[in-house]
Q: 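One structure, as C-alpha cells, below. Some questions next.
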Amino acid sequence: KKFHASIDKLVDYLLESKRLVILVDAYDELDVSQRDVLSSVHKNSNSQSQSALWIITGRDYAINRETGPQGLFSPVFRRLRIEPFSNELQNEYMDQALGKLTFKQQLFESLGSQGWRGCLVGFGKSGNAWQELLKLPHNLKTLAQLFENWKPGTPLPRFESPSDLFLQTANAMLERELEDPQRRRNGAEEYEEKDARNYLERALGAIALEMARRNWWKEVPGRDSELKRNVNSVITASKKRLDRKSTRLNSSHLVISYAV
C-alpha cells in the first residue's frame with residue numbers, strides 16, 4: 001500500500017507539472033474494450049488542472065477511424081506519418097549497405113545500368129510490381145546480405161519475379177526466427193527447425209490460398225466484431241485446408257497464392 005501510495009503521489013506530481021509522457025504502442029491491435037479504457041484515461045488526464053503528453057502509434061486505418069470530431073484523435077493530437085520508403089530512400093539504404101564491400105566496383109559493373117536493381121528480372125518494364133516488397137527495409141537488408149557474400153566469377157543474386165523475391169527474403173527471415181527454440185513450439189511440442197519450417201510454410205500457404213480464393217489481398221473488409229468474424233472464418237477454413245492430407249501445401253503453393 002505504501003508503494004502504491006508513493007506511485008500515485010508521483011503520478012499526480014508529474015501530471016500537475018506536465019512532465020508525464022504516456023506511450024501507447026500498436027493502437028490498431030487494441031480491442032474495443034481496451035480502446036474504451038484508453039479513451040477514458042485520456043479524457044481524465046487532460047482536464048484543465050492536469051495534462052500529460054500522449055504518444056500513440058498505430059496503422060493508418062485504425063488512426064483514421066478515430067480522427068473525427070468525437071474520435072480519440074481529435075485536433076489536440078498532431079499526426080506524424082513515417083515517410084514512404086521511396087526509390088530515393090531505397091538507393092540511399094543500399095548505397096550505405098554496399099558501400100564498404102571489397103568487390104563493390106566489380107559488383108555494380110556486373111549488375112549493369114540499373115545498379116543493385118539489376119538482380120530483379122524485368123524490373124525496368126514492371127517496376128511497380130516489385131515496390132510492395134522493395135519498400136520494406138527487411139527485404140533490402142536481405143538483398144544486401146546476399147550481395148555481401150558475392151565474389152567475382154560467381155553467379156549474381158537473381159530474382160525471377162516478386163514472388164521469388166518474397167520467398168527468398170522470407171526464407172532468410174525464417175532462418176533467423178527459428179534459431180530461437182521458443183519459436184519452434186506448438187503448445188507443449190517443440191519442433192526441429194526443418195519440421196517447424198515445413199509446418200509454418202504449410203500454414204501460411206493455407207492462409208494465402210484461402211485469402212486468394214476470397215479475393216482478399218491488402219485489406220479484410222469489416223470493422224470490429226465483423227472484422228473478427230471475417231478473420232476467424234479465414235483461420236477456420238485455413239485449418240481445414242491444412243489438416244487435409246490430400247492437400248499438401250508447401251512453399252510452391254505459397255508463391256502461387258502470393259502471386260494471385
Side-chain angles (χ1 to χ4, degrees), residues 24-39 56-66 71-72 82 129 131-133 135-139 142 161-260:
V24 180
D25 189 27
Y27 177 80
D28 49 288
E29 296 182 9
L30 303 182
D31 60 30
V32 176
S33 61
Q34 291 171 327
R35 292 200 298 268
D36 289 341
V37 170
L38 182 62
S39 297
I56 302 178
T57 69
R59 298 182 183 274
D60 255 13
Y61 75 88
I63 303 299
N64 290 338
R65 192 166 52 196
E66 296 290 339
L72 172 62
I82 297 176
Q131 287 305 321
E132 284 291 324
L133 296 171
K135 68 182 182 182
L136 300 176
H138 155 71
N139 291 330
T142 303
S161 66
S163 291
D164 186 21
L165 175 62
F166 168 75
L167 184 61
Q168 292 196 44
T169 52
N171 183 62
M173 181 179 68
L174 280 176
E175 289 179 353
R176 289 198 298 268
E177 291 294 319
L178 294 178
E179 287 178 0
D180 183 355
Q182 291 299 321
R183 299 183 184 276
R184 300 198 302 268
R185 300 188 68 85
N186 181 15
E189 184 178 3
E190 181 178 322
Y191 292 102
E192 294 295 328
E193 183 174 337
K194 180 180 179 181
D195 295 331
R197 177 191 295 273
N198 179 59
Y199 187 85
L200 184 57
E201 286 180 346
R202 290 182 61 213
L204 290 174
I207 293 172
L209 187 60
E210 181 63 24
M211 294 191 73
R213 188 186 70 79
R214 301 185 186 202
N215 198 30
W216 293 354
W217 173 229
K218 291 185 179 180
E219 295 183 2
V220 178
R223 294 179 59 178
D224 298 337
S225 59
E226 183 184 356
L227 177 60
K228 289 181 180 179
R229 287 197 300 271
N230 284 328
V231 172
N232 287 336
S233 68
V234 168
I235 294 174
T236 300
S238 300
K239 285 181 178 179
K240 291 180 179 179
R241 292 182 184 277
L242 186 62
D243 292 338
R244 291 174 190 159
K245 294 183 179 180
S246 59
T247 309
R248 291 286 298 178
L249 294 170
N250 53 34
S251 58
S252 63
H253 291 80
L254 180 59
V255 177
I256 294 170
S257 300
Y258 180 84
V260 170

Q: Got a sec, which residues hit side chain to side chain contact (heavy atoms under 4.5 Å, CB included) with N64, two or more places apart in sequence or on another chain?
A: D60, R79, R81
Q: Less than 4.5 Å apart, side chain to side chain, heavy atoms only: is that true for D195 and E192?
A: yes
Q: Heavy atoms, side chains only, cut-off 4.5 Å: are L30 and L38 in contact?
A: yes
Q: Is there side-chain contact between T142 and L165, with heavy atoms separated by less than 4.5 Å?
A: no
Q: Would you check if I63 and R59 make a side-chain contact, meaning some heavy-atom pair closer than 4.5 Å?
A: no
Q: With rounding to the nearest 0.5 angstrom, report the OG1 to CZ distance, T236 to R229.
A: 13.0 Å
Q: When you compare the side chain of R35 with that of R65, does any pair of heavy atoms fall below 4.5 Å?
A: yes
Q: Mind checking what makes side chain to side chain contact (heavy atoms under 4.5 Å, CB included) contact with D31, not counting sequence neighbours?
A: S33, Q34, K228
Q: Taking L72's backbone N and O only, do any of them form a donor-acceptor pair with S39's side chain (distance below 3.5 Å, no angle check)?
A: no
Q: I want to check something: taking the side chain as every heavy atom from C-beta on, are E66 and Y27 in contact at a cut-off of under 4.5 Å?
A: yes
Q: Tell me the closest heavy-atom pair linking I207 and S238, and the distance in Å.
A: CA-OG, 3.4 Å
Q: Between the side chain of N139 and the main-chain N/O of L133, is any donor-acceptor distance below 3.5 Å?
A: yes
